[in-house]
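For the single chain, residues carry numbers from 1 onward in sequence order.
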Amino acid sequence: MTAGTEAEPAPAPAEELSPGELLLGFLDGTLSRLANRPLRLRMRTAPSSALRGRIDALILEVRELEIAGFPIDRLLLRAENVRIEPGLPARFKAAPVGMKARVLQSGIDRWTHATHLPLRLRLTDEGVVASAGLRGRTVSEVTTELSVSGRFVRLHPLRAKMLGVAAPVMPTLPGYLPLPPLPLGARITKVTPADGELTIWLALSDVDEALTAGVALRIARRLRTIPANSLGG
């Protein structure tokens, strides 16, 4: 987090995955193996949708993983109207697609320690409290609220302290919450702060990916293993 500049953060690396690559990577097990974390799959589909080979809603859940070194306690990927359309090549499609990620205070603490960030970031129901200290004593502290700006989460100062005494804030100088790279085309739609945790909601681009025959067969087999209507409702 860098308060004191209006410049946009640097764009995320070009090696980001598209929503389609992300969804396929989870379904064929590639990303689950790379992350060394188990994947939970749930779905809901009406009989009329099942007859057309469509899944009304598919949710993929992974817990306790790291993305570019950033700890995520719980990651949910939700895709609707999921289907494989035959053709040469077959195409894997889904829309709309969204994602939800939850971060815990313990994960933030580990991350700031591992990256040697000269700040402590404390998650509260107001937003984020950033503090800096010297020899175990807090020297400065800024309480910020959060707002969404496209692919970024902005930190707007609300209150400041120096050596425990109230100090002026500079509302024209926001910072940004450090986040791991987002999927291509993703935008943040909502941020929900709470004491000790933070939840970030994202909207992803529609999925429309060409499939080889082998990949299409593996994905179709994987989808058939998910219990029908395991989402309930």
Listed by chain and number, what are the side-chain contact (heavy atoms from CB on, under 4.5 Å) partners of V103, not counting sequence neighbours? F70, I72, I108
Tell me, which pairs form a ring pair (Phe, Tyr, Trp, His ring centres under 6.0 Å) where one or both residues lie in residues 81-107, sequence neighbours left out? none
Heavy-atom nearest pair, L23 first then A79, reads CD2-CB, 4.0 Å
Does D125 have any side-chain contact (heavy atoms from CB on, under 4.5 Å) partners at least two apart in sequence or in another chain, and if so, which? D195
Show every ring pair (Phe, Tyr, Trp, His ring centres under 6.0 Å) that has at least one partner inside residues 177-205, sequence neighbours left out. none
Identify the two heavy atoms, one from A210 and one from P89, that lie closest to each other, and give their separation to 0.1 Å. CB-CG, 3.7 Å
Within the structure provided, determine whether L123 and V128 are in side-chain contact (heavy-atom separation under 4.5 Å). yes
Determine whether a donor-acceptor pair (N or O, by modelled atom type, separation under 3.5 Å) exists between the side chain of S18 and the backbone of E21. yes
Got a sec, which residues hit side chain to side chain donor-acceptor pair (under 3.5 Å) with R120, two or more places apart in sequence or on another chain? none
Can you name the closest pair of heavy atoms from P180 and A68 and give their distance? CB-CB, 4.5 Å
Is a side-chain donor or acceptor of Q105 paired with a backbone partner of T124 at a separation under 3.5 angstrom? no
Applying side chain to side chain donor-acceptor pair (under 3.5 Å), can you list everything that pairs with R63, at least two apart in sequence or on another chain? E61
Side-chain contact, heavy-atom cut-off 4.5 Å: F26 with L75? yes
Looking at every non-hydrogen atom in both residues, tell me the closest pair between M162 and S140 and how far apart they are. SD-CB, 3.5 Å
In sequence, state the C-alpha distance, the side-chain angles, and the governing distance for V142 and L155, and then conclude on side-chain contact (heavy atoms from CB on, under 4.5 Å). CA-CA 10 Å; V142 180; L155 302 172; over 6 Å; no
Counting distance only, does the side-chain N/O of D56 pair as donor-acceptor with the main-chain N or O of A46 below 3.5 Å? yes
Would you check, one step at a time, whether the test salt bridge (Lys or Arg N to Asp or Glu O under 4.0 Å) holds for R159 with E126? CA-CA 11 Å; R159 297 184 300 278; E126 284 187 296; 2.7 Å; yes
